[in-house]
Amino acid sequence: MATARASSALAYPERFYAAAAYAGFGGGSPDLSAVSRFQNDVALLLYGLYQQATVGPCNVPKPRAWNPVEHSKWTSWHGLGNMATTEAMRLFVKILEEEDPAWYSRVPDLTVEPSVDVEILKPKLESATASASVNGDSVPEAETKTIPAENGLPLETQDKDVVAEGLGSVGIYDQWVAPSVSGAQPKPRYAHGAAVLYEKMYIFGGNHNGRYLNDLQVLDLKSLTWSKVEAKALAGSLDSSNTASVAPCAGHSLVTWQNKILSIGGHTKDPSETIAVKEFDPQTCLWSNLKTYGQPPISRGGHSVTLVGNVLIIFGGEDGKRSLLNDLHMLDLESMTWDDVEPIGTPPSPRSDHAAACHADRYLLIFGGGSHATCFNDLHVLDLETMEWSKPKQQGVIPGPRAGHAGITVGENWFIAGGGNNKTGVSETLVLNMATLVWTVVTTVQGRLPLASEGLSLVTSTYKGEDFLVSFGGYNGRYSNEVYVLKPSHISDLQSRMIDGPVSDTAAILPTTDASRDMEPEFEITQDKKIKEIVMDNGDPEQATTRNQETLGQLVEVLKTEKEELEATLNREQVQTLQLKQELAEAESKNTELTKELQSVRGQLAAEQSRCFKLEVDVAELRQKLQAMEALEKEVELLRRQKAASEQEALSAHQRQSSGGVWGWLAGSPPA
């Protein structure tokens, strides 16, 4: 394949970026419409590999099933698991060459001129070396980096000097390196906050000689140059134009949220009753206090803050009275509402200066920390769905007790550096595979380097597809302001992939995939196996190409099956939606008829009420007439009695008159 050999003249990762630009992933967020010239299944696979190579393992939540395009994109990306960025780049180029063997010849603007780059960069390196020698510090010499050729073919750039700047100057894996930095270095400190935004590491606050700091320092991770931000705090509401100095603090946490940086909690000279949440806007260089709702937790420092989706999870710490805490609180960043959570199970003992991380957007891990007299090396896990604490069994090299250490996640790996055990600083840097709970020692530092100190910070950044850990500061008898960089080789990823046989009990506690999310495990396992077969195929080129085509065809068939299932699901959902619409229309029609009947009944009821009212009026009138008749009857009865009395009296008088006339005649009296 002459074209493939010609394209191999461009080294990785430039070769990958050239292939991505040709395929349509060159600018902005990747879109399947940009790669419409490929089959849908190939486009989905290219999308997943591009995301894996540029972003890393898929940590975004699964989209809803009724969106087949987004679901297929997510499945393609998520199915790659923890594949290394370099493997994803190589596989992306392989698939593109199999689909379009002449792609490289169609990109005339891609030319390789390594000698020009070397001539431009060499004077810059020499000047930097001279400057560093004046200060008594040594600068690592530029390395001659040998890039192995694919399929045994030599590359044209293999014998050229490669001079890199910034994080690219770190060529060794799994070792802490002190790179050459420029600019005015910050004041030495520990218990500060650190966060990365727009390829810049922001350092805020901290403790120096027992005094709290409030400066904001920025390290450009491209050029490794320090600068100071003259940040002010808004006095009052967000609409206020009045500014003031930021309150010094230490033991707080910095979290990147959208395009801003949040500072949560921390020890201050005049602590408030409740925890403070501040926001820094890099555009305006202003700090502002965010208004929250609900019941906020008490103020504290030395706590852990973990961002899970759009929720901050705060655990433990030490309050203003130096009382240790083990409570759990959640802050929804969308509604800015606090939620006081009381999980079941046995929680970690009260502690501060521990480390926390989240795995698979479901499991919160708490490691180490200390009380006033004891340091811990226990590992606790909180299931965020069941809200239950557990204490799983750790495997591998079990770490010793420590507090004040720093942790950062890269895919499924949780790197732990620094810390102390009340006697000395901890010298080893560890990594925990969160899927298997197996500890591995990455490296061990010698002497009293800042890597073996308490209160250091640890962030991660990506440069040309590779991950880098960046540490700053710390205290181990003296305060530090040094920067160290480690480039992990992802050995733990390879070890976890090579594990065969039954899964351990701890793996069952922290599964890499969540069955409750309605995943298709058969598809993911199949896809992962096929990817591995393609990546590990380094034998005969023709046999490798044939095998890759076969495995790619099988993977395409799996994607087609997934697509058909999603389309069938979509059709069922559409039919069900149509049925629901019909039922809704029938219900609305019945509702209209019932409304009309109700109005008719209401009219009849109103007429009946009117009739009843008239009847009540008639009854009232009849009652009045009846009462009048009763009065008349009484008067008639009285007249009757009077008449009877009069007649009786007249009769009595007549009788008396008649009897008086007879006796008078007998007495000789003349009749009257």
Side-chain angles (χ1 to χ4, degrees), residues 4 7-8 10-20 23 25 30 42-59 73 75-99 145-153 155 168 171 173-174 409-413 431 433 435 440 460-468 487-499 512-513 523-539 541 543-545 547-552 554-556 558-559:
S7 65
S8 65
L10 189 62
Y12 287 98
E14 287 78 8
R15 181 180 172 193
F16 161 75
Y17 291 122
F25 294 110
V42 176
L44 286 172
L45 184 57
L46 290 176
Y47 167 82
L49 292 169
Y50 179 82
Q51 291 292 93
Q52 189 80 8
T54 57
V55 180
C58 178
N59 293 321
K73 290 167 62 179
T75 303
S76 177
W77 182 14
H78 190 272
L80 299 177
N82 289 304
M83 175 185 288
T85 55
T86 53
E87 294 179 6
M89 290 180 180
R90 293 179 64 250
L91 185 55
F92 184 97
V93 175
K94 274 192 175 184
I95 293 176
L96 179 61
E97 289 177 349
E98 291 175 358
E99 293 293 322
K145 190 173 182 180
T146 302
I147 304 175
E150 185 177 358
N151 296 330
L153 296 176
L155 304 185
Y173 287 92
D174 295 331
T409 59
V410 179
E412 289 187 345
N413 294 324
V431 59
N433 186 296
T440 306
T460 181
S461 182
T462 302
Y463 178 78
K464 290 190 175 181
E466 289 191 293
D467 298 312
F468 292 84
K487 181 165 64 170
S489 61
H490 300 283
I491 294 178
S492 59
D493 281 346
L494 298 177
Q495 291 176 346
S496 64
R497 290 187 186 184
M498 295 171 62
I499 295 177
T512 55
T513 57
F523 168 75
E524 292 187 1
I525 295 173
T526 303
Q527 186 179 18
D528 188 51
K529 288 182 179 179
K530 301 311 175 187
I531 295 296
K532 290 181 184 177
E533 290 177 5
I534 297 176
V535 172
M536 300 302 295
D537 198 355
N538 293 320
Q543 182 180 1
T545 302
R547 192 177 306 167
N548 289 344
Q549 290 177 349
E550 293 177 355
T551 53
L552 180 61
Q554 294 175 2
L555 180 58
V556 169
V558 172
L559 290 173

S.K.: Mind checking the CG-OG spacing from Leu49 to Ser76? Nearest 0.5 Å is all I need.
M.R.: 6.5 Å

S.K.: Would you give the length of the straight line joining atom CD of Glu412 to atom CG of Asn59, rounded to the nearest 0.5 angstrom?
M.R.: 9.0 Å

S.K.: Rounded to the nearest 0.5 Å, what separation is found between the CG atom of Leu91 and the NZ atom of Lys94?
M.R.: 7.5 Å

S.K.: Okay, side chain of Gln52, backbone of Gly81: is any donor-acceptor separation there less than 3.5 Å?
M.R.: yes

S.K.: Okay, side chain of Trp77, backbone of Gly56: is any donor-acceptor separation there less than 3.5 Å?
M.R.: yes

S.K.: For Thr409, which residues count as a side chain to side chain contact (heavy atoms under 4.5 Å, CB included) partner, sequence neighbours excluded?
M.R.: Ala357, Trp414, Met434

S.K.: Could you tell me which non-hydrogen atom of Phe16 sits nearest to which non-hydrogen atom of Thr54, and how far apart they are?
M.R.: CE2-CG2, 4.0 Å

S.K.: Checking Thr86 now: which residues fulfil side chain to side chain contact (heavy atoms under 4.5 Å, CB included) with it, not counting sequence neighbours?
M.R.: Ala84

S.K.: Whether Lys487 engages the ring of Tyr173 as a cation-pi pair (distance to the six-membered ring centre under 6.0 angstrom, angle to the ring normal within 45°) should be assessed.
M.R.: yes

S.K.: For Gly411 versus Pro57, what's the shortest heavy-atom pair and its separation?
M.R.: CA-CG, 3.9 Å

S.K.: Just say parallel, tilted or perpendicular for the rings of Phe92 and Tyr50, cut-offs at 30° and 60°.
M.R.: tilted

S.K.: As an exercise, state the distance from CG of Asn413 to OG1 of Thr440, rounded to the nearest 0.5 Å.
M.R.: 8.5 Å

S.K.: I need the Arg90 CZ to Met83 CE distance, nearest 0.5 Å.
M.R.: 10.0 Å

S.K.: Should the pair Arg15-Glu97 be classified as a salt bridge under the 4.0 Å nitrogen-to-oxygen rule?
M.R.: yes

S.K.: Can you tell me how far NE2 of His78 sits from CG of Leu80, rounded to the nearest 0.5 angstrom?
M.R.: 10.0 Å

S.K.: Would you check if the side chain of Asp174 reaches a backbone N or O of Ser489 as a donor-acceptor pair within less than 3.5 Å?
M.R.: yes

